[in-house]
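Presented below is the structure to which this report refers.
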Amino acid sequence: MTTSKKFDAIIIGSGINSLVAGAVLSKSGWRVLVCERNASAGGAIKTEQATLPGYTHELLSSWHPLFVGGPAYADLKEELDKRGLVYKNTELPTGVVCSDGTAILSTNPEITGAEFARLGDGESWSQMMGEFTPKLDLAFGLLGADLWRKSSLKLAQLARKRFGNRGLVAVGAELLEPAAPWLDRQFKSPVSKALLAPWALHNGLGPDDAASAFITKVISAAVAFGGMPVPVGGGIKLVEALTSIITDAGGHLLTNADVVKVIVENKSATGVILSDGRTFSAGKAVLASTTPQALYQTLLAGEEVPVEIKTSADNFRYGRAAIQIHLALSEPPIWKTDARMKDVAIVHVLDGINSLSESVNAANRGYLPARPTIVVGQPCAVDPSRAPAGASIIWIQLQENPQVIKGDLANEINPGDGTWNEERLNAYADRVLEQLGTEITNLKSATIAKIVLGPREIEAMNKNLVGGDPYAGDCRIDQYAPWRPLSAATGHRTPIKNLWHIGASTHPGPGLGGGSGFLVAKRLAKKSFTKKIFGK
Ligand SMILES: Cc1cc2nc3c(=O)[nH]c(=O)nc-3n(C[C@H](O)[C@H](O)[C@H](O)COP(=O)(O)OP(=O)(O)OC[C@H]3O[C@@H](n4cnc5c(N)ncnc54)[C@H](O)[C@@H]3O)c2cc1C
């Protein structure tokens, strides 16, 4: 074992949280080493011309509203701009095609207002936005703040001042309400409900889960105000720009660098050991963007960790699995019932809120849904550079999949031993494409290449996505917000001094916001600035 160069911080993993943390620390003068076990950086950002030359696919995550609307982008924007990162946006972030009709949601309030009015829900939409918009600062605060720090007391005080003690109790109930009863109360049209309800899926929830109404309102408002931005050329451009902030400041990104141990001396993290035996030391901090199990069972194996934290990490649950289907099309998709859909970034195709509820529940219990919610992403609607002129691509996401298959609600696919082998994955993907083909009339004839990534493939691409869970941990309320990553180890501190836990398994959870990396890096940078100036 050789101890080589010394860094201020070593960051394990190169997902968005790691790269944001590395960039923020580099900007503050820290020398950073990022260790990534894969051959390339970015984690769940994986842009490749994977089907045919000229067709640029986001194999995993694709949409950047969380990043563009979040504090990390505001902080790093100048540096990212200098490195040529450009975002494009759309007026039509989302739409729905369901059995009761179609609808779109626009960043233009007049268009959205007219759409809800057409559905008989004009007043319901404006009432909801009128009531929720003034609470958005608190909602984003709750989802973005370091909940276990004194600074978050300010948020609590603001909420108390605004709502009073009794009012806070009511706000608590509003926070915990499931989406299904709220949508039934708020909207008349099944189309309005189907337009908004699938958005809870994108935070790992279903419409019957606690807090899914709150998440649906937050995402609906965020999308209505912020659209659906994507980087021109793909997420790789963000990965490259963040990496270059780190390397320009003297830091390094090592790929094929699998960290197998955090070095702990005198109860403090001082470095890491790679699987090939190389060691690196960190003078100030080690940040681990891993699952709780990887952190406490592997990287800290043999170290002194309170038993309740170990047990809590052992019990950390993973959510439903994801499936991604990528299509290269020789021409743009033709939508049968509503031609406007061709310009929409993300169209949800489903029967309605009942099929959504049934599919989520089926997947939670181990069953393949009969009528899954098909998330149809159309990156070319925002960034036409993703495909050759006149051609297109489709990014399909399925979120209602069991990790282990026990049965099929449609009684067509034999679950066999329950694993997502090639045969079962392809049979299920074909069924979904068949269903989508009834809405996109040229789907079959225009498809010139296809890639299907199942839960096994997704986990193989990123070991934090255990069982194919795209969110690195079940996001139901007992593992969310103040309880993420663990009820016994809240926040980003760990029981080991100078070792910080970041990434999607930690608060504020999954998504391309870079929130946990940003919170920890800002905290560390502030601490070291205070130490330099005041010596403490
Ligand atoms: C299919 C899919 C689609 C999604 N779509 C969207 C979307 O459109 N918009 C959105 O906002 N969010 C989306 N998400 C969620 C979002 O992409 C993730 O929550 C986010 O990217 C996670 O970032 P992270 O910083 O936690 O790290 P990850 O991106 O999970 O990366 C972690 C990295 O750490 C590495 N690593 C782990 N252990 C070690 C170790 N011991 N040593 C070295 N390296 C290690 C892994 O190899 C990996 O590269 C999607 C996720 C998936 C999977």
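For ligands, and for the atoms within them, numbers begin at 1 and follow the listed sequence. Hydrogens, waters and symmetry mates are skipped; everything else that's a heavy atom, side chains included, is used. Positions are given from 1, in the same order as the sequence printed here.
Looking only at distances, no side-chain donor or acceptor of Glu400 sits under 3.5 Å from a matching main-chain atom of Gly206. No donor-acceptor pair closer than 3.5 Å links the side chain of Asp146 to the backbone N or O of Gly491. In terms of modelled atom types and a separation under 3.5 Å, the side chain of Thr373 and the main chain of Leu350 share no donor-acceptor contact. At least one donor-acceptor pair under 3.5 Å links the side chain of Arg31 to the backbone N or O of Lys6.
For atom 17 (O) of ligand 1, the closest heavy atom belonging to the protein is Ser61 CB, 3.2 Å. Given atom 45 (C) of ligand 1, the protein heavy atom at minimum distance is Arg37 CD, 3.6 Å. In this structure, the protein non-hydrogen atom closest to atom 30 (O) of ligand 1 is Asn462 ND2, 2.9 Å. In this structure, the protein non-hydrogen atom closest to atom 9 (N) of ligand 1 is Trp63 O, 2.9 Å. At the top of the distance list for atom 15 (C) of ligand 1, counting protein heavy atoms only, stands Gly511 N, 3.8 Å. For atom 22 (C) of ligand 1, the closest non-hydrogen atom of the protein is Ala504 CB, 4.0 Å. What sits closest to atom 40 (C) of ligand 1 on the protein, heavy atoms only, is Ile12 CG2, 3.5 Å. Of the protein's heavy atoms, Asn17 ND2, 3.5 Å lies nearest to atom 24 (P) of ligand 1.
Atoms NE2 and CH2, from His57 and Trp395 in turn, are 13.5 Å apart once rounded to the nearest 0.5 Å. In this structure, the separation between CD on Glu240 and CG on Leu80 is 12.0 Å, given to the nearest 0.5 Å. If you take CG on Leu519 and NE2 on His507, they are separated by 6.5 Å, rounding to the nearest 0.5 Å.
In the candidate list Lys463, Lys261, Glu459, Glu36, Glu36 is nearest to atom 47 (O) of ligand 1, counting heavy atoms. Counting heavy atoms only, Pro470 comes closest to atom 51 (C) of ligand 1 of the residues Ser289, Gly42, Ser62, Pro470. Here atom 32 (C) of ligand 1 lies nearest to Asn464 when heavy atoms of Asp258, Ile11, Leu19, Asn464 are compared. For atom 27 (O) of ligand 1, the nearest non-hydrogen atom from the set Gly204, Gly503, Gly15, Ser14 belongs to Gly15.
For Ala41, the heavy-atom gap to ligand 1 stays at 4.0 angstrom or more. Ligand 1 lies within reach of Cys35, whose nearest heavy atom is under 4.0 Å from it.
Here is the list of ligand 1 atoms found below 4.0 Å of a heavy atom in Leu66: 11 (O). Which parts of ligand 1 touch Ala44 is read off a 4.0 Å heavy-atom cut-off, strictly below it: atoms 17 (O), 21 (O), 28 (P), 29 (O). Listed by number with element, the atoms of ligand 1 under 4.0 angstrom from any heavy atom of Pro510 are 19 (O). Listed by atom number, the atoms of ligand 1 under 4.0 Å from Asn38 heavy atoms are 47 (O), 49 (O). Counting the atoms of ligand 1 from 1 in the order shown, those under 4.0 Å from a heavy atom of Leu465 are 53 (C).
In Leu512, the parts holding a heavy atom less than 4.0 Å from any atom of ligand 1 are both the side chain and the backbone. Residue Val259 touches ligand 1 through backbone and side chain together, judged by heavy-atom distances below 4.0 Å. Contacts between Ala257 and ligand 1, counted as non-hydrogen atom pairs separated by less than 4.0 Å, involve the backbone only. With a heavy-atom cut-off of 4.0 Å, His202 does not touch ligand 1 at all. Residue-level proximity to ligand 1 for Gln397 is carried by the side chain, the only part with a heavy atom below 4.0 angstrom.
Between the side chains of Thr51 and His326, not a single donor N or O lies within less than 3.5 Å of an accepting N or O.
Aromatic ring centres of Trp148 and His492: separated by at least 6.0 Å.
Between Tyr73 and Phe67, the angle of the ring planes lies from 30° to 60°, which puts this pair in the tilted group. His202 and His348 have tilted rings, their planes meeting at an angle from 30° to 60° on a 0 to 90° scale. Ring orientation note: the planes of His252 and Phe7 are nearly perpendicular, at an angle over 60° on the 30°/60° scale.
Residue Glu422 places its CD atom among 12 or fewer non-hydrogen atoms of other residues, nucleotides or ligands, all under 6.0 Å distant.
For the salt bridge (charged side-chain N to carboxylate O under 4.0 Å, His left out) with Glu303, the qualifying choice from Lys261, Lys267, Lys310 is Lys261, the only one to do so.
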Legend entry - Test side-chain hydrogen bond (donor to acceptor under 3.5 Å, both in side chains) applied to Tyr318 and Glu459, step by step: CA-CA 12 Å; Tyr318 295 91; Glu459 181 173 356; over 6 Å; no

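Ligand 1 has no N or O atom lying under 3.5 Å from any N or O atom of Leu59, backbone or side chain.
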